[in-house]
Structure formats: C-alpha cells, structure tokens
Amino acid sequence: MAQYRVVSGSVALITIQNPPVNALRAAVREGLFNTIKRASSDPQVRSVVLSGHNGTFCGGADIKEFGNVSLPGPHLVEIFQLMEDLVKPVVAAIEGFALGGGLELALACHYRIGHSKAKVGFPEVNLGLFPGAGGSQRLPRLVGVPAALDIIITGRHVAAGEALKLGLLDRVIDQNTVDAAVTFSKIQKCTSPPISGKPLDNHRLGNRPCPPLENMDAFFEEAMKRVHSRARGAVAPITCVQAVRGAATLPFHKGMELEKMLLGTLFNSAQAQASQYCFFAERAGARWSMPSGARWDTCKAKPISTAAVIGLGTMGRGITVALARAGLSVVAVETQEHQLAEAQRAVSRMLKGGGRVSYSPDLQAAAEVDLVVEAVFEDMAIKEKIFKQLSEVCKPGTLLTTNTSTLDIDRLASCTRDPQLVVGMHFFAPAHIMRLLEVVYGPRSSPEAVATAMQLGKRMGKVSVAVGNCTGFVGNRMLKPYLEQANFLLEEGATPELVDAALEEFGFPMGVFKMSDLSGLDVGWRVRKEEGLTGPGVTAGQPMRIRHGRRYSPLGDLMCEEGRYGQKTGSGWYLYDKPGGRVARSDPWLRNFLEQYRARHGLVARRISQQEVLERCLYALINEGFRVLEDGIAASPQNIDAIYVFGYSWPKHRGGPMFYASQVGLARVLEGLNHYHQAHPDVPHLEPCSLLRRLVASGSPPINKWSEVVKGHRSQL
Ligand SMILES: CC/C=C\CC(=O)SCCNC(=O)CCNC(=O)[C@H](O)C(C)(C)COP(=O)(O)OP(=O)(O)OC[C@H]1O[C@@H](n2cnc3c(N)ncnc32)[C@H](O)[C@@H]1OP(=O)(O)O
C-alpha cells in the first residue's frame, strides 16, 4: 500500500500503491504513517521522496470509504502533520494527478516537483466537501488567498505550468519525475550547503503566515456574495470561503480547528452524500448492459475515424464540433446552401480554425465514412427518407445513428439494409458543451453498434448512458409529466414566475418556463403535432382540455399560435427586449391571457404554494422514472440520475431525481402522488406506479438495492 525503499544511498522513496488512482484508503494511510516514521528513524536516510505508483501521484481520499461513520486507520490530518514535521526534507514527485487529499499530501511535503503533464487540484467541492485535511489552510499560505480560493471553489484541475507560476510547484520537468525528485533532494551535495542540512521551517506551510491581502473584508464579502449567487443552494462552496477566510485571519492551529469544525458540518450531510453518489453515477453508465445480456465488458467497439453529420442546424453544428474535437475527420452535410455557408462559419469559429471538417450539400459525401449522425428536423417522414438514402449511399458496415430526441429508433432502422447498425445518439444542446449522451438501442441494434456509440461518447468526453427505445427515451420521457404539471399549475392559478422561482430555489439554473423560452416553444409544439395531440385536424370538435380521455393543457399550443415561441421571437412565457434577447421580464399580456383562458374554461385561480409546485412537478417526473425502470428502459436509478444531472442540469447536490426520491423517502413520495392523484384523477402521470408501491411495500430499501425489487417485478410481467 505504501512501498518503502532506500535509493541512491540515502533517499527513502515512499511509493503509494493503490490502483487505479492511489486513493488514500485505510491501508494506504496506515502504510504512509508507518513509512514516514521509518524514514524518520532510519539513520541511513537523509531525505525522503514521495511518489505514486503507475504514473499517478494520488487521487485523494477514498470516496468509497466516506459512508463510514468513523474512518478506520490513522487520520489524514495526523499523517500530514507527521510528514510536515519531519526533520529530513520531503519532496513530492507528482506525476498524473494530485487531487484532493493527494494535493494536501503534497502540500505537507517540503518541496513539490511536477511532471509537465501533471494536474493538481481540490475537487472536493464537487463531492459536497472542501479540502478539510489541512488543504484549506496550507494552500492559501503557499499561493495567496485569491488564487487558493479560486482553486478551492472551482474544484478545477490546475495544469503543471500554471501551478509552477502560482508557486504551487517548485519545479516542472519533462523527464522521470521520481528520478528528478531523488536528485533534487540530494542535488546540493555537489555544491554546498546540502539541501538536507537546510532549515526546513520556511517549507513547512503550517509555519508560514498567509501572504497579506489588502481590503480583506471587502474581498471576502464580495467572494461570499458571488458564491451565494452561483451555488444554487449548495452549501460546500460557502464553506470553502469560510475556511479560506480562517486561513487568512487565524494562526495555523486555530485555522485547523475551524477547518475540522466546518468539515464536521458537511461530511455526512445530505448534500455531500448526494454529490458523492453523483460521482459514482457518472461512471456507472460505462458498465452498460442490454436486456439481451450483452455487456460493456464482452462487446468490442468498431474503430471509428471518420464521421458524417447530416443537417447543420444548431444541434448538427455542435455535434460536428464535438466529433472534430475528439479527433475524427468529419464531413458536414447540409442541403440548404445558405444554411451550409452559415454553419461553416459557425463551426470554424467554434473550432478556432482547428479540427478536420469538410462541407458538402450532397448526402453522397457520406459514402465512405465509418459513422453517420443524422441531425435534421424532428420529422419522422424526413428522417425515414434520409435513413433510406444513407443505407444506399454508405459503405457496408457504416453505423447509422440519429440525434432524434423522441422518435422511434426501430422505425428508422427498418428503413435500412442493416437495422442492427442503427442506434440513437441523443446529444443535448449545446452539443459540444453538454456532457450527456443518451445512446439508444432498438430491439435490433447490435451490441457492437451500442459499444461503438458508447466508446465514441467517451472519446468526446461525454457521460454516455445506454437506454432502451421508447418515446422520449429516458430524459424526455420523464420531462413530459414535469412540463405537463407546470402547465396545469398555470391553469390552476400559478404564474410562470412562481413556478420558476420554486424550481430555481430547488437548484435548477432555470425554471421550466424560462427553459422552454430558451429552447423554443415551437419545438414541443411540433412534437405534439407529430403525436396527434394538436393541429387543426385534431382539435376540431374536441374538448380543448382533454385528449384520449386525459387532462390536456393546450396553453403551449395557444402561445405558439400567437407566434410566441420564446426568446427567439422576443416573447414566450416571458417578455424579452428583442427577438433573441436573454433577459426575461414578466409580461402583463400573459397575465391577461391566463385570466381570460381560465374564465373561458370556468377555472377559478387559487393560491398555489412553492411546495405544491415542487411536489407536483418533481414527483410526476420521479414517478415516470420508476416506470422507466419498471419497463427496463434504463438499467439502473444511477443511469437515470446521471441523465438528469448531466443533461437536464438537475442540481448535483440533490443527487438526481431517483436519489432525491430516496432521500425524501419513498413512502413520502408515494403519499404525495396519492394525494395529488386523488385531486386530479384525470392525470395518469400522478398515479403512483407499481414499482414505487412495491418498493415502499418492501420497506423502502436503499437505492443500491432497488434493482432486486425491479428484477422481481420484471420476472412477474
Ligand atoms: C477528510 C477529507 C479528505 C480528503 C478529501 C478528498 O480527497 S475527497 C477525494 C478528492 N478526489 C477526487 O475527487 C478525485 C476523484 N477522481 C477523479 O476525478 C478521477 O477519477 C481522476 C483521478 C481524475 C482519474 O480520472 P480517470 O478518467 O482516469 O478515471 P476514472 O474517473 O474513471 O476513475 C477510475 C476508477 O477509480 C475510481 N476512483 C477515482 N477516484 C477515486 C477516489 N478518490 N476514491 C475512490 N475511487 C476513486 C473511480 O470510481 C473509477 O472506478 P470504476 O470502478 O472503474 O468506475
């Protein structure tokens, strides 16, 4: 766990060994503690080099251990103090990553030498924590308060070059870092005085004061304000500011006491648990499986080096950029010439002149590519035609994928020669930025096609999740009842401002109505027309607020009929200063429109609380999540949560909808749904699904045990 060797005559080389990232689990901590003591008492040893096995220094504390009430083995704070107090110089040799507790370990060393490709950082804030093993107190003393606060609050990875400039690393080298560190620790031997004889006090960060900061109060006030406005209810970023303020104002030992107290408030908090759950949910998608039994570890991906993107609207352009950035050679196809020229300019701008992209108005240009992503208008007839053509044009074996967000993958597959080569690759706007990729398999998609799309997602840096084929797949299928509830709430007396405020307070960056205005109300309108829910032929003679015997809100359709498509037309649920404007203002027209609508339909507006908004919107979405699990469309609640966190900006500190349900308590969610369904019996999305009932009947097991109930449930279908 921590290997000890004496090298070069007098240097104790301690190597952390815990693949894959050398996380500091109990056995490693034990090993470090013992080897530091050994180096201290070994008369042969004059200096110490600390390194990580297999090209990675250390990925920090072992997150898997965090669930334990008290962590076994020696505590990191104790180990780091032991190391800092050593009278022999300790040099950290940093290759790969030094993150979280890994960087705290390096800061407890007297010197830090990094490889030029190394990355350091404090990502704890993403886990609902802050660097609570001395990092919040040592880093500001080394690099100053503003730089330290930035690194701690953002959780970003700092490249070696920047770390050197900040003084976080003493040296950056391109050669073998351990060899360099060993030499460094002895280098003064040839000259004088030897490094091992130098007083080390100035290199013990706990002994140093923080570099002074002018206008400190104003600095921290401003920082706190900024953090509050961005944190969306997350507590950890606020604690980061409090801890760094402690470093700036208190002696080290007092700062350490403050750090301990602050960490105590976060360590087992609901937010920390949710954020840590998200860490593992993000990675769980890579271990995909299909109902056929095909799995990530038994299926091989096809090599892909060339791709074509068909349709260069906003999505097609983003997808082109994402593929080009992943190193693929891309042919971008758009039949409308003005759109093609515009897209070429936009893509070049986004790629800043890099990437290998060629442009063509002709589908024939896709003849030789390994993979196609179709990203045209959301219209089944057009897509079917394109898939038929692609099947004729492309070389045998080309993977044909579609970016459709709702349409039937299998219907598209049936237009092709090789339906097993068809899968969905559902990107999220903006496609070159949003992390999520839903890889949708139809009943005939081959495991190899799924493996290839998943592998490509990884190359693009996406969180890829394999899901089954149904209307809306996972994300949009669950979004439908959420949007529906929001519209019903407007009918019943709420305003877009009230609904959005409740959701934003929950932690979404944007409420549902602001989000609809941003993405365009016409998008959903087109889908509803495609589904036969609205349109001249459908509505004639039908009651406006009922479809197929269920409650329906035509509010979105009426808005579109008024030409209010959202930001792009300068008005939607809100008013904007101009078409394309971004700042939403309340619109008196809308208030009036809603009043007239309610009067026309005999609806009496009532006072609606933020709690009702949250429960109706979120519980309806969660209920559909249980149905998605029940139907086998998603393989696990973790996959659903990853989809929501990385594709729909569900707040990470709430852990995703299914985790949120488990934290609220399944019985409470069930009770809430029962209550709202009784009040709205014509809304089937509010009727608790049978899996939720069964889970509650089984005593509401923890989320990692749900699969057992799901399996039992499926076998009875
Ligand atoms: C008292 C509090 C003291 C200290 C606080 C901390 O130190 S908290 C931990 C801070 N560290 C981090 O947040 C780093 C987390 N890890 C990463 O960001 C990445 O894993 C990393 C190191 C950049 C490497 O990325 P890469 O893409 O190469 O690998 P991947 O993420 O897929 O990870 C590989 C497997 O390792 C598991 N893992 C990674 N880090 C940890 C960790 N710190 N603890 C436990 N496990 C970790 C990860 O889950 C992967 O597992 P797998 O089973 O293969 O999915």
Side-chain angles (χ1 to χ4, degrees), residues 67 69 128 233 268-278 280-281 474 477-482 484-485 488-489 502-503 505-508 608-645 650-717:
V69 180
N268 288 315
S269 66
Q271 290 199 2
Q273 284 171 23
S275 309
Q276 288 154 28
Y277 164 87
C278 282
F280 293 110
V474 172
R477 173 170 162 178
M478 289 169 63
L479 198 66
K480 195 174 170 182
Y482 168 84
E484 189 185 78
Q485 286 305 313
F488 292 163
L489 285 160
L503 295 166
E505 221 161 273
F506 178 77
F508 283 104
I608 291 171
S609 68
Q610 287 209 341
Q611 184 182 345
E612 179 174 349
V613 171
L614 276 189
E615 289 181 348
R616 280 185 53 190
C617 292
L618 301 186
Y619 289 2
L621 178 146
I622 288 165
N623 197 30
E624 195 60 27
F626 282 112
R627 291 205 174 97
V628 159
L629 281 177
E630 202 166 38
D631 295 349
I633 296 295
S636 68
Q638 286 79 5
N639 283 358
I640 294 179
D641 287 332
I643 286 172
Y644 261 83
V645 168
W650 182 284
K652 227 181 210 178
H653 62 272
R654 305 273 194 183
M658 308 319 282
F659 186 82
Y660 175 69
S662 74
Q663 273 195 335
V664 167
L666 298 186
R668 201 171 132 197
V669 174
L670 177 63
E671 193 187 320
L673 282 165
N674 271 326
H675 167 77
Y676 291 119
H677 188 234
Q678 263 169 25
H680 307 278
D682 52 353
V683 182
H685 282 131
L686 289 174
E687 181 176 8
C689 83
S690 59
L691 175 60
L692 173 59
R693 289 183 194 284
R694 282 175 65 95
L695 282 163
V696 173
S698 322
S700 300
I703 196 162
N704 56 356
K705 301 268 187 253
W706 289 4
S707 61
E708 289 161 27
V709 179
V710 177
K711 265 187 222 138
H713 182 80
R714 282 207 201 118
S715 61
Q716 291 178 2
L717 289 177

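- Note that CD of Gln273 is 6.0 Å distant from CD of Gln663, once rounded to the nearest 0.5 Å.
- Note on Arg477 versus Asp631: salt bridge recorded, some NZ/NE/NH1/NH2 to OD/OE distance being below 4.0 Å.
- For the atom pair CG of Leu670 and CZ of Arg693, the computed distance is 6.0 Å after rounding to the nearest 0.5 Å.
- Between the side chain of Gln271 and the backbone N or O of Gly233 there is at least one donor-acceptor pair closer than 3.5 Å.
- Listed here is the closest heavy atom pair of Ala635 and Leu629: C-CD2, 4.4 Å.
- Summarising the geometry of Cys278 relative to Val645, their closest heavy-atom pair is SG-CG2, 3.9 Å, with the distance given to 0.1 Å.
- With Phe626 as reference, Leu666 is the one residue of Leu666, Val710, Ile640 to meet the side chain to side chain contact (heavy atoms under 4.5 Å, CB included) rule.
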CA sep, side-chain torsions, deciding dist, call: Val683, Gln485, side chain to side chain contact (heavy atoms under 4.5 Å, CB included): CA-CA 9 Å; Val683 182; Gln485 286 305 313; 3.5 Å; yes

Residue pair Met478, Val474: steps toward the side chain to side chain contact (heavy atoms under 4.5 Å, CB included) verdict: CA-CA 6 Å; Met478 289 169 63; Val474 172; 3.9 Å; yes

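- In this structure, OG in Ser636 is found 8.5 Å from CD1 in Ile703, a value given to the nearest 0.5 Å.
- Of the possible polar contacts, one joining the Asp641 side chain to the Met658 backbone as a donor-acceptor pair under 3.5 Å is found.
- Counting heavy atoms from C-beta outward, Leu479 and Tyr644 have side chains that approach closer than 4.5 Å.
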Worked check of side chain to side chain contact (heavy atoms under 4.5 Å, CB included) between Glu708 and Lys705: CA-CA 6 Å; Glu708 289 161 27; Lys705 301 268 187 253; 3.7 Å; yes

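- Atom OH of residue Tyr619 and atom NE2 of residue His675 lie 11.0 Å apart, to the nearest 0.5 angstrom.
- Closest approach of Val709 to Pro701, counting heavy atoms only: CG2-CG, 4.3 Å.
- Looking at heavy atoms from C-beta onward, Leu489 lies in side-chain contact with Cys617 at the 4.5 angstrom threshold.
- In terms of heavy-atom proximity, Ala272 sits nearest to Gly128 at CB-O, 3.8 Å.
- What you find for Val613 and Ala502 is that their closest heavy atoms are CG1-CB, 3.8 Å.
- Within the 4.5 Å cutoff, the side chain of Tyr482 has heavy atoms near those of the Leu503 side chain.
- Here the options are Trp650, Tyr277, Trp706, Phe280, the test is ring-ring contact (aromatic ring centres under 6.0 Å, His included), and the partner is Phe659; only Tyr277 passes.
- For the atom pair CD1 (Ile643) and CD (Gln638), the distance works out to 12.0 Å, reported to the nearest 0.5 Å.
- Between Tyr660 and Phe506, the distance from one ring center to the other falls under 6.0 angstrom.
- At a threshold of 4.0 Å, the pair Arg627-Glu624 counts as salt-bridged, since one of the basic side-chain nitrogens sits closer than that to a carboxylate oxygen.
- Between the CG atom of Leu618 and the CZ atom of Arg654 there is a distance of 9.0 Å, given to the nearest 0.5 Å.
- Side chain of Asn623 to backbone of Cys689: a donor-acceptor contact under 3.5 angstrom is found.
- Ala620 approaches Leu673 most closely through the heavy-atom pair N-CD2, 4.3 Å.
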